[in-house]
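The structure under discussion appears below in the form of structure tokens.
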Amino acid sequence: MNVKVVMAQKILRANEQVARENRERLARLATVNLISSPGAGKTTLLEKTIVALRKELRIGVVEGDIYTTRDAERIAGQGAAVVQINTGGLCHLDANMVGRALDQLDLDRLDLLFIENVGNLVCPAEFDLGEDYKTALLSVAEGGDKPAKYPLVFRESHTVVINKSDLLPYTDFDMNRVQAEIRTINPEIQIFVTAAVTGEGVEAWCLWLREIVRRKREGSATG
């Protein structure tokens with residue numbers, strides 16, 4: 001039997017080369033890769049963010065989904081430039097997919113680019129897409145054990161958004177303990193608490209976004 005084995009390290013090295021090319025194309029554009037479990041609220045947070053910032057920043061979104069265009073349609077409805085990537089069953093975006101999506105955007109006419117990754121806390125953390133920042137979303141409805149169970153995504157991320165805080169009274173989510181666990185994994189990480197559906201906490205998140213756009217324009221973004 002003739003069996004061909006593709007080594008994961010080779011795949012990751014090839015991805016890193018394309019990610020470097022993406023990063024060069026995004027040299028003047030602040031880029032945030034959003035990673036979460038399905039249903040944590042990435043699309044709702046993006047909708048609220050676009051509404052809050054669209055008068056001052058030109059925003060684009062690369063929308064990753066396994067099969068549907070539903071999230072992309074919601075984002076387009078808020079006036080952002082959006083390109084859909086359907087992975088056809090793959091559980092994460094890679095740099096090649098994002099590079100092809102960048103071909104469809106007028107990058108010179110954007111200030112801020114979001115990449116909404118496929119809902120998954122495991123694989124997306126391993127793939128550099130050429131972004132400046134990774135942001136992990138965690139909703140209180142998922143339970144507080146995600147940082148301990150999926151530490152890589154919290155270690156790789158620059159920021160965490162703990163979403164659906166309006167549901168705290170109906171859960172056993174221990175906000176102080178979870179934040180302490182996240183900071184044990186990544187002491188430098190910045191944490192925002194939001195209820196995106198009501199807009200609570202979104203302004204603090206937007207202040208950080210304004211700051212990274214300013215820093216990128218001045219050539220001092222963290223990559």
Side-chain angles (χ1 to χ4, degrees), residues 11-12 15-16 18-19 22-23 26 30-50 59-68 71-72 74-75 82-87 89-99 101-102 112-164 178-179 181-183 185-186 188-194 196 201-202 205 208-209 212 221-223:
I11 294 172
L12 291 173
N15 182 81
E16 288 169 3
V18 180
N22 290 347
R23 190 167 287 109
L26 297 167
T31 307
V32 179
N33 178 10
L34 295 175
I35 302 172
S36 80
S37 303
K42 294 191 300 296
T43 307
T44 301
L45 180 66
L46 277 177
E47 288 179 301
K48 296 291 184 178
T49 301
I50 292 164
I59 298 174
V61 178
V62 174
E63 184 65 51
D65 200 303
I66 294 178
Y67 293 114
T68 77
D71 292 348
R74 289 172 57 185
I75 295 300
V82 57
V83 177
Q84 175 75 44
I85 300 173
N86 283 128
T87 65
L90 293 178
C91 58
H92 62 88
L93 298 179
D94 64 29
N96 268 312
M97 296 176 192
V98 172
L102 296 182
L112 176 61
L113 180 68
F114 290 102
I115 302 168
E116 182 176 350
N117 220 309
V118 176
N120 183 348
L121 279 178
V122 182
C123 308
E126 298 181 2
F127 283 80
D128 182 3
L129 304 180
E131 75 275 42
D132 297 311
Y133 302 92
K134 286 183 175 66
T135 292
L137 256 76
L138 170 66
S139 82
V140 303
E142 297 169 61
D145 59 350
K146 297 300 180 291
K149 293 179 71 173
Y150 306 101
L152 180 61
V153 67
F154 296 93
R155 190 176 300 124
E156 294 290 319
S157 293
H158 301 83
T159 53
V160 170
V161 176
I162 300 177
N163 193 32
K164 302 188 182 182
V178 172
Q179 292 197 27
E181 286 190 355
I182 292 171
R183 289 198 168 95
I185 296 167
N186 184 348
E188 304 300 322
I189 205 162
Q190 191 164 353
I191 300 175
F192 302 96
V193 177
T194 66
V202 172
W205 158 248
W208 178 74
L209 293 168
I212 65 170
T222 299

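The analysis underlying the following values was restricted to heavy atoms, covering all of them including side chains, and did not include hydrogens, waters or symmetry mates.
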**OP:** Compute whether any side-chain donor of one residue and acceptor of the other, for Asn96 and Asn15, lie under 3.5 angstrom apart.
**Re:** no
Original post:
Does any donor atom in the side chain of Asn163 or Thr194 lie under 3.5 Å from an acceptor atom in the other side chain?
Top reply: yes
**OP:** Starting at CD of Glu156, measure out to CG of Leu152 and round the result to the nearest 0.5 Å.
**Re:** 5.0 Å
Original post:
Got Asn33 and Pro124 here, is their nearest side-chain heavy-atom distance under 4.5 Å?
Top reply: no
Original post:
Which atoms form the tightest heavy-atom contact between Trp208 and Gln190, and what is the distance?
Top reply: CD1-OE1, 3.5 Å
Original post:
Side chains of Ile66 and Asn86: does their closest heavy-atom pair fall under 4.5 Å?
Top reply: no
Subject >> Check against side chain to side chain contact (heavy atoms under 4.5 Å, CB included), Leu137 and Ile35 >> reply: CA-CA 6 Å; Leu137 256 76; Ile35 302 172; over 6 Å; no
**OP:** Scan Leu26, Val83, Val18, Asn22 and name whichever one has a side chain to side chain contact (heavy atoms under 4.5 Å, CB included) with Val98.
**Re:** Asn22
Original post:
How far apart are the C-alpha atoms of Val161 and Leu138, what are their side-chain angles, what is the distance that settles it, and do they pass the side chain to side chain contact (heavy atoms under 4.5 Å, CB included) test?
Top reply: CA-CA 6 Å; Val161 176; Leu138 170 66; over 6 Å; no
Subject >> For Pro147, the option from Ile182, Asn186, Val160 that meets side chain to side chain contact (heavy atoms under 4.5 Å, CB included) >> reply: Ile182
Original post:
Val153 versus Ser157: any side-chain heavy-atom pair under 4.5 Å?
Top reply: yes
**OP:** Would you indicate whether the side-chain heavy atoms of Leu34 and Ile115 approach each other to under 4.5 Å?
**Re:** no
Original post:
Passes side chain to side chain contact (heavy atoms under 4.5 Å, CB included), Asp71 versus Arg74? Steps please.
Top reply: CA-CA 5 Å; Asp71 292 348; Arg74 289 172 57 185; 4.0 Å; yes
Original post:
If you take all heavy atoms of Lys42 and Ser36, which pair is closest and at what distance?
Top reply: NZ-OG, 3.0 Å
**OP:** Output all residues satisfying salt bridge (charged side-chain N to carboxylate O under 4.0 Å, His left out) with Asp128, sequence neighbours left out; order by chain, then residue number.
**Re:** Arg23
Original post:
Roughly how far, to the nearest 0.5 Å, is the CG atom of Asn117 from the NE2 atom of His92?
Top reply: 8.5 Å
**OP:** Applying side chain to side chain contact (heavy atoms under 4.5 Å, CB included), run through Trp205 and Thr49 and close with a yes or a no.
**Re:** CA-CA 8 Å; Trp205 158 248; Thr49 301; 2.9 Å; yes
Original post:
Looking at CD1 of Ile75 and CD of Glu63, how far apart are the two atoms once the value is rounded to the nearest 0.5 Å?
Top reply: 5.5 Å
Subject >> Nearest non-hydrogen partners of Val193 and Gln179, listed with the distance >> reply: CG2-NE2, 3.6 Å
**OP:** For the residue pair Leu46 and Glu116, establish whether any side-chain heavy-atom pair is separated by less than 4.5 Å.
**Re:** yes
**OP:** Taking the side chain as every heavy atom from C-beta outward, state whether Leu113 and Leu102 have any pair of such atoms under 4.5 Å apart.
**Re:** yes
Original post:
So do the side chains of Thr31 and Leu129 get within less than 4.5 Å of each other, counting heavy atoms only?
Top reply: no
Subject >> Any residue meeting salt bridge (charged side-chain N to carboxylate O under 4.0 Å, His left out) with Glu142, in chain and number order, not counting sequence neighbours >> reply: none
**OP:** Tell me yes or no: between the side chains of Thr135 and Thr159, is some donor less than 3.5 Å from an acceptor?
**Re:** yes
Original post:
Do any pairs count as a side chain to side chain donor-acceptor pair (under 3.5 Å) and have a residue in residues 144-155, sequence neighbours left out, and if so which ones?
Top reply: none
Original post:
Do the rings of His158 and Tyr133 sit parallel, tilted or perpendicular, given the 30° and 60° boundaries?
Top reply: perpendicular
Subject >> Closest heavy-atom pair and its distance - Ala19, Ala95 >> reply: N-CB, 3.6 Å
Subject >> Student check: side-chain heavy atoms of Leu90 and Val118 closer than 4.5 Å >> reply: no
Subject >> Separation between CD of Glu131 and CG of Leu93, rounded to the nearest 0.5 Å >> reply: 10.0 Å
**OP:** Could you tell me which non-hydrogen atom of Ser139 sits nearest to which non-hydrogen atom of Ala40, and how far apart they are?
**Re:** CB-O, 3.7 Å
